[in-house]
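The structure under discussion appears below in the form of structure tokens.
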Amino acid sequence: MKLYYSPGACSLSPHIALLEAGLPYELVKVDLRAKKLENGDDFLKVNPKGQVPAVQLDSGELVTEGPVIVQMIADKAGKNLAPARDSQERYKLLEWLNYITTELHKNLGPMFSPLLADDAKGFFKDRAMSKFKYLDTALAGRDYLMGQQFTVADGYLFTMLMWATDRLKFDLTDMPNLMAYKARVGARPRVQEAMTKEGLLKAA
């Protein structure tokens, strides 16, 4: 299995999932601006969408879209990274994954564009902040989104929190549940390993 990634991009979410699952994989770095692999190959020939994450299975089949990829990883691992398929809990996981991808990811992503005007960035920030406030309330009394069990949705939300606080400099200090959650997920050994492999943390 190959994971096509860019350091610190949303591909960090399936990278965390792969490590938590204990599945063998190969990391392939992508220059998203140039749409090139490290060896100079055209990334668009791998994934015509031109985006990460993308996972190439041993069969050669390509799987794209982060929420789909992490569920596939969880199903292959069978390690409680996602509730059983067709269970009510699985639908709750789907709800969280869809919330993160539509309400956070799609509001935070445009803010990285140097072409976006400040007032437009303010609009997206206000939208994202309202979603983070909801999450702070939802995480009261919980270790993770689904309760006490870490799932693939947590790797995705952690990635969005990294974007917000570390890269976009959002101040979330008035959201104690959310900040404690970020610290809790960030302290997981496999999360630290993924960040180290992507150059986001220095190796110990």
Handout entry: Those residues that, when tested against Tyr134, pass side-chain hydrogen bond (donor to acceptor under 3.5 Å, both in side chains) (two or more places apart)
Key = none
Exercise for the section: Indicate yes or no: at least one non-hydrogen side-chain atom of Leu168 is less than 4.5 angstrom from one of Lys121. Expected result: no
Problem - Stepwise side chain to side chain contact (heavy atoms under 4.5 Å, CB included) test for Val28 and Leu37 - result: CA-CA 7 Å; Val28 183; Leu37 306 182; 4.1 Å; yes
Problem - hydrophobic_cluster_shared for Leu93 and Leu104, side chain cutoff 4.5 Å - result: yes
Practice task
Report the C-alpha distance between Lys92 and Glu95 in whole Å, list the side-chain angles of each, state the deciding distance to 0.1 Å, and finish with yes or no for salt bridge (charged side-chain N to carboxylate O under 4.0 Å, His left out).
Solution key: CA-CA 5 Å; Lys92 188 64 181 178; Glu95 184 182 324; 3.1 Å; yes
Got a list of side-chain donor-acceptor pairs under 3.5 Å for residues 123-133, not counting sequence neighbours?
from   : atom 1 : to     : atom 2 : distance (Å)
Arg127 : NE     : Asn107 : OD1    : 3.0
Ser130 : OG     : Arg127 : O      : 2.7
Lys131 : NZ     : Glu103 : OE1    : 3.3

Exercise for the section: Report the distance from atom CE of Met195 to atom CG of Leu201, rounding to the nearest 0.5 Å. Expected result: 4.0 Å
Problem - Qualifying side chain to side chain donor-acceptor pair (under 3.5 Å) pairs, either residue in residues 37-48, two or more places apart - result: Asn39-Asp41
Problem - Partners meeting side-chain hydrogen bond (donor to acceptor under 3.5 Å, both in side chains) with Thr101 (sequence neighbours left out) - result: Tyr156
Fill in the blank from the handout: For Asp154 and Gln149, the nearest pair of non-hydrogen atoms, with its separation, is OD2-O, 3.9 Å
Exercise for the section: Go through Met72 and Leu57 one step at a time and tell me if the side chain to side chain contact (heavy atoms under 4.5 Å, CB included) criterion holds. Expected result: CA-CA 11 Å; Met72 178 192 70; Leu57 304 179; 3.9 Å; yes
Exercise for the section: Please test Met162 against Phe158 for side chain to side chain contact (heavy atoms under 4.5 Å, CB included), starting from the C-alpha separation and ending with a verdict. Expected result: CA-CA 6 Å; Met162 289 285 294; Phe158 175 79; 3.6 Å; yes
Handout entry: Side chain Ser13, main chain Cys10, donor-acceptor under 3.5 Å
Key = no
Practice task
Check the hydrophobic clustering (I, L, V, M, F, W, Y; side-chain heavy atoms under 4.5 Å; chains of links allowed) and say if Leu97 and Val191 are grouped together.
Solution key: yes
Exercise for the section: Evaluate the side-chain proximity of Lys2 to Val55: yes if any heavy-atom separation is below 4.5 Å, no if none is. Expected result: no
Practice task
Measure up the Tyr5 and His15 rings against each other and bin them: parallel (under 30°), tilted (30 to 60°), perpendicular (over 60°).
Solution key: tilted
Problem - Hphob cluster co-occupancy, Leu44 + Val63, side-chain heavy atoms under 4.5 angstrom - result: no
Fill in the blank from the handout: Rounded to the nearest 0.5 Å, the CG atom of Leu18 sits from the CG atom of Leu23 at a distance of 6.0 Å
Handout entry: Closest heavy-atom pair and its distance - Lys169, Asp166
Key = NZ-O, 2.9 Å
Problem - Minimum heavy-atom distance Pro53-Ile69, with the two atoms named - result: O-CD1, 3.7 Å
Problem - Contact summary for Leu3 and Ser11, nearest pair of heavy atoms - result: CD2-O, 4.1 Å
Practice task
List the atom of Val70, the atom of Pro67, and the distance in Å for their closest heavy-atom pair.
Solution key: CG2-O, 3.4 Å
Practice task
Go through the side-chain N and O atoms of Asp136 and Tyr181 and say whether any donor and acceptor fall under 3.5 Å apart.
Solution key: no
Completion exercise
OG1 of Thr159 to NE2 of His105, rounded to nearest 0.5 Å, is 9.5 Å
Practice task
Using a cut-off of 6.0 Å, state whether more than 12 heavy atoms not belonging to Asp174 lie near its atom CG.
Solution key: yes
Handout entry: Glu61 atom CD: more than 12 heavy-atom contacts under 6.0 Å
Key = no
Completion exercise
Applying salt bridge (charged side-chain N to carboxylate O under 4.0 Å, His left out) to Asp75 and not counting sequence neighbours gives Arg85, Arg90
Problem - Expected output: side-chain Lys197 to main-chain Ala194 donor-acceptor under 3.5 Å - result: no
Handout entry: Pairwise distance OG1(Thr165) to NZ(Lys182) - rounded to 0.5 angstrom
Key = 3.5 Å
Practice task
Not counting sequence neighbours, which residues clear salt bridge (charged side-chain N to carboxylate O under 4.0 Å, His left out) with Lys29? List them please.
Solution key: none
Handout entry: Closest non-hydrogen atom pair, Met179 against Thr173
Key = CG-CA, 4.3 Å
Problem - Cation over ring face, Arg188 and Phe150, 6.0 Å, 45° - result: yes
Exercise for the section: Verify, without hydrogens or angle tests, whether Ser87 (side chain) and Pro83 (backbone) share a donor-acceptor contact under 3.5 angstrom. Expected result: no
Problem - Atom pair CE/CD of Met1 and Gln56 - distance to nearest 0.5 Å - result: 11.0 Å
Handout entry: Check: Ile100 and Leu145 side chains under 4.5 Å, non-hydrogen atoms
Key = yes
Exercise for the section: Would you mind checking if Glu193 and Arg190 are paired as a salt bridge, meaning a charged N to carboxylate O distance below 4.0 Å? Expected result: yes
Practice task
Taking the side chain as every heavy atom from C-beta outward, state whether Gln51 and Thr64 have any pair of such atoms under 4.5 Å apart.
Solution key: no
Handout entry: Shared hydrophobic cluster, Leu19 / Val52 (ILVMFWY, side-chain heavy atoms < 4.5 Å)
Key = no
Problem - Spacing of CG belonging to Leu178 relative to CG belonging to Leu135, to within rounding of 0.5 Å - result: 6.0 Å
Practice task
Is it possible for you to say whether Leu32 and Leu108 belong to one hydrophobic cluster, with membership spreading through side-chain heavy-atom contacts below 4.5 Å?
Solution key: no
